[in-house]
Structures are given as C-alpha cells and as structure tokens.
Amino acid sequence: MATRPDFGHLLHPVTLKKLARDWLREDTPGFDYGGFVVGEREELAVLLCKSPGVLAGAPFFDAIFNELGCTVEWSHPDGTWLEPIARVASVRGKVRHLLLGERVALNCLARCSGIATSAQKVADLAKVAKWHGQVAGTRKTTPGFRLVEKYAMLVGGCSTHRYDLSSLVMLKDNHIWSAGNITQAVEDARVVAGFSLKIEVECRSLEEAREAARAGADIVMLDNFKPQEVHTEAQALKDEFPQLTVEASGGITEENVTRFFGPHVDVVSLGSITQAYKAVDFSLKITRKYKEEAVSNMNNNNSGPVGGVTEVAPVASPTAPPSLPETPETPGRRNFAF
C-alpha cells in the first residue's frame with residue numbers, strides 16, 4: 001500500500017498559529033460567558049464523523065486546540081474515507097478551552113473535508129478514465145480561507161492551480177481588452193515575469209489560442225468551449241505547438257467533467273470543487289461515560305461499535321500533561337476569570 005503524503009508539511013507553523021488565533025478571536029471577541037458556567041476542570045471530548053466523506057483539515061484543527069492548551073489524538077490521518085458514525089479523534093483539555101475551540105475547529109474541519117471529498121470524486125473519475133492530465137481547482141475560494149481550501153484540494157487528489165495572483169500570470173479577457181490585444185499583453189507580462197513565472201492566456205477561439213502561443217504563452221485556457229470543440233481545438237494546437245499546455249475550463253462540473261478528458265487536453269479546472277461542495281458533518285462530544293483509559297482499552301481490544309460509535313485504534317497516545325492546580329477561590333465567591 002502506497003504511503004499517503006503528509007500535506008501538513010506544506011503549512012508554515014507561524015501561518016497556522018496566526019489563522020487559529022484570528023479565528024478564535026473572531027468567535028470570542030469579548031467575554032466567554034459559557035466558559036464561566038463550566039470552569040476549568042480537565043475533560044475528554046470525542047470527535048465524531050456523522051456523514052460519509054474524506055477526512056481533511058487535521059493541521060488546522062490541531063492548531064486551534066494547541067492555541068488553547070489542548071491536546072489532540074487522531075485515530076485516522078487526513079485522506080481517510082470515513083463512514084458514519086466513526087470516532088475520528090479525541091481532544092483533552094480544560095473544559096472551557098474545549099468549548100472555546102469546538103465550533104471554530106468543527107467549521108474548519110467540515111468545510112475542508114467537504115472540499116476534499118468533492119476533489120476526490122473528480123480525481124477518481126480521471127483515474128478510472130486513465131486520463132493523463134490533471135484535474136484542478138480554481139482561485140474561486142473563500143476570502144481568508146484559501147489556505148484551507150487549497151490544502152483540501154491536495155488531500156482529495158486534485159491540483160490546486162495557481163494559489164494567488166503572484167503564483168502564475170493569467171491574462172483574462174479584461175487584461176487583453178485593456179492591453180489592446182493578446183500579443184501585447186503577453187509581451188508586457190513577460191517583461192516582469194521573466195523566466196521563472198509561466199504565462200497563461202484565457203482564449204475564446206482557436207485563433208486567440210494560436211495568437212497566445214505564438215506570442216510566447218506557456219498555457220492556453222480554452223474557456224467555455226463545448227467538449228467536442230475542446231478536443232478538436234486542442235489537437236490543432238498540439239499539432240502546431242507540441243510543448244504548449246492546454247487547459248479546459250468554464251461550465252465544467254462533476255457531472256460532465258469526463259467529457260473534457262482527452263489525449264490533447266492537459267488540465268481540466270472546475271470551480272465547483274470549492275463552490276458546490278457539501279460539508280462533512282462532524283460533532284465534538286465531551287464525555288464522562290468513558291474515562292480516557294477505558295477508551296484506550298476499547299480501542300486496543302478492537303471491541304467494535306459502542307453506543308453507535310465505530311471505535312478505531314488510535315495512534316500512540318502522547319504523554320498526558322500534568323493537571324494544573326485548582327485556582328483558589330474565596331468561599332462564596334465565583335471565579336470570573338473563567
């Protein structure tokens with residue numbers, strides 16, 4: 001069995017920390033009223049998956065709870081297909097900190113896993129078709145959430161396409177109209193892109209694609225072409241420009257993507273991966289029914305479903321952090337630091 005790549009190694013720890021802090025601040029900009037109610041006793045929470053899908057987003061989930069001093073123990077790595085109801089992870093920490101991170105972490109995990117599930121579906125279609133090219137997402141992502149969404153595409157098996165405007169020069173219709181023509185736009189772009197950045201041109205006809213290729217574009221996008229038109233025009237381009245990369249995009253969905261796979265098409269991109277996905281349903285339950293030792297024993301013994309939850313053997317448990325001493329309180333006075 002091939003080793004699954006760990007895409008978490010792409011993520012800068014400082015970036016993860018900043019994202020987690022920003023998300024937590026957004027969710028609790030003032031008093032934590034619920035935290036006042038529950039206090040700071042140590043608790044164990046179980047992460048459950050309640051709908052089928054690809055697990056994705058563990059590094060972001062970890063970063064959120066790490067900021068709150070909690071520890072996460074995963075039973076499955078990112079990229080695993082989950083069937084409900086499955087026990088996915090356990091989180092240990094002060095109860096008010098578990099609840100501070102709960103919704104933020106679940107929102108992130110649900111969306112990341114939903115995109116990964118969408119990406120895997122179209123990537124699997126390409127594998128079944130034995131197509132040589134790459135299925136890619138687009139830059140149609142959620143502001144402030146792009147890193148998560150691009151990460152999810154990779155977990156699902158798709159290419160991310162360009163990460164941002166600085167990753168690839170893409171000249172679209174508005175650029176070309178403003179520059180005057182395709183040739184001028186490509187020549188101007190090459191001055192600043194140099195040798196290190198590729199240039200892609202969005203084209204509406206074979207004539208525009210030929211002009212882009214002659215001007216020195218590395219990639220041409222056949223935008224909003226019908227499937228048969230894509231294959232005809234792509235073959236004509238490859239005959240004349242064998243090194244040219246041909247991308248098909250526009251109006252492509254999970255339902256019709258296979259019609260764009262062909263021997264002369266190198267990339268098929270679709271925005272629906274990040275715009276039409278269904279989030280995977282997760283919940284985080286603080287439980288007193290199982291002490292941590294009991295949960296570990298059940299997992300190690302592979303005892304099967306308990307209470308409707310599929311138990312799986314987790315990875316080796318990290319050393320439990322020492323319990324912090326109780327904050328002294330004056331009798332009859334509440335601790336408003338909670």
Side-chain angles (χ1 to χ4, degrees), residues 2-12 53-57 59-60 78-79 81 111-142 145-172 193 196-203 217-225 227 230-231 234 237-238 243-277:
T3 302
R4 183 181 285 115
D6 186 348
F7 294 112
H9 294 163
L10 287 167
L11 304 171
H12 197 298
V54 175
L55 175 63
F60 306 99
D78 274 357
W81 180 268
R111 287 160 174 76
C112 191
S113 297
I115 292 169
T117 303
S118 176
Q120 182 170 291
K121 288 179 180 177
V122 292
D124 284 348
L125 291 172
K127 290 178 183 176
V128 171
K130 293 183 169 55
W131 180 53
H132 75 284
Q134 295 187 45
V135 179
T138 68
R139 203 166 53 87
K140 296 175 182 177
T141 55
T142 308
F145 205 60
R146 180 174 295 171
L147 186 67
V148 182
E149 295 177 343
K150 293 288 191 178
Y151 172 88
M153 292 180 204
L154 290 172
V155 173
C158 283
S159 170
T160 62
H161 213 295
R162 59 174 175 165
Y163 185 83
D164 51 35
L165 289 174
S166 301
S167 304
L168 170 78
V169 181
M170 183 182 288
L171 302 174
K172 301 172 76 69
S196 61
L197 277 180
K198 290 186 176 182
I199 297 175
E200 178 169 10
V201 179
E202 179 185 272
C203 302
D218 304 285
I219 310 165
V220 296
M221 175 194 291
L222 303 180
D223 190 39
N224 287 307
F225 283 57
V230 163
H231 299 305
L237 289 168
K238 288 288 191 175
Q243 303 305 313
L244 186 68
T245 297
V246 177
E247 175 182 348
S249 191
I252 302 176
T253 65
E254 181 186 329
E255 289 69 33
N256 68 6
V257 66
T258 57
R259 299 178 63 194
F260 292 86
F261 298 158
H264 308 291
V265 177
D266 303 297
V267 180
V268 172
S269 59
L270 54 165
S272 62
I273 293 175
T274 51
Q275 290 191 315
Y277 68 92

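Keep in mind that what you see is a predicted model, and the values were worked out from it rather than measured. Heavy-atom basis, side chains included; hydrogens, waters and symmetry copies ignored.
Panel note: side chain Asp124, backbone Gly157; no donor-acceptor pair is recorded below 3.5 Å. His132 contributes a side-chain N or O that, together with a main-chain N or O of Val265, makes up a donor-acceptor pair within less than 3.5 Å.
Nearest heavy-atom pair, Asp266 versus Thr245, reported as atom, atom and distance to 0.1 Å: OD2-CA, 3.4 Å. Between Met153 and Thr160, the closest heavy-atom pair is SD-CA, 3.8 Å. Heavy atoms only, all atoms of each residue included: Val267 and Ala136 are closest at CG1-CB, 4.1 Å. The two residues Val257 and Leu125 come nearest to each other via the heavy atoms CG1-CD1, 3.7 Å. Contact between Ser167 and Arg162 at its shortest, heavy atoms only, is CB-CB, 4.1 Å. Shown here for Asp218 and Leu197, the closest heavy-atom pair between the two residues is OD2-O, 4.3 Å.
With 3.5 Å as the limit, one finds a donor-acceptor pair spanning the side chains of Thr142 and Glu149. In summary, the side chains of Glu247 and Ser269 do present a donor paired with an acceptor at a separation below 3.5 Å, with no hydrogens or angles considered.
In Glu255, the CD atom is crowded: over 12 heavy atoms of neighbouring residues, nucleotides or ligands sit closer than 6.0 Å.
Between Leu168 and His161 the shortest side-chain heavy-atom distance falls below 4.5 Å. For the pair Val246/Lys238, a side-chain contact is recorded, criterion being any heavy-atom separation below 4.5 Å from C-beta on. The side-chain heavy atoms of Cys158 and Ile273, taken from C-beta on, include a pair separated by under 4.5 Å. Side-chain contact check for Tyr277 versus Arg111: some heavy-atom pair is nearer than 4.5 Å. Using a 4.5 Å heavy-atom cutoff, the side chains of Ile115 and Tyr151 are not in contact. The side-chain heavy atoms of Leu165 and Arg139, taken from C-beta on, include a pair separated by under 4.5 Å. Leu154 has its side chain within reach of Leu10: a pair of non-hydrogen atoms, C-beta onward, lies under 4.5 Å apart. At a threshold of 4.5 Å between non-hydrogen side-chain atoms, the residues Pro59 and Asp78 count as touching.
If you take OG1 on Thr253 and CD on Gln275, they are separated by 12.5 Å, rounding to the nearest 0.5 Å. The distance from atom CG of Leu222 to atom CD of Glu202, rounded to the nearest 0.5 Å, is 10.5 Å. Taking CD1 of Ile252 as the start and CG of Asp223 as the end, the distance is 9.0 Å to the nearest 0.5 Å. The distance from atom CH2 of Trp131 to atom CZ of Phe260, rounded to the nearest 0.5 Å, is 11.0 Å. Between the OG1 atom of Thr117 and the CH2 atom of Trp81 there is a distance of 5.5 Å, given to the nearest 0.5 Å. With values rounded to the nearest 0.5 angstrom, Cys112 atom SG is found 13.0 Å from Lys150 atom NZ.
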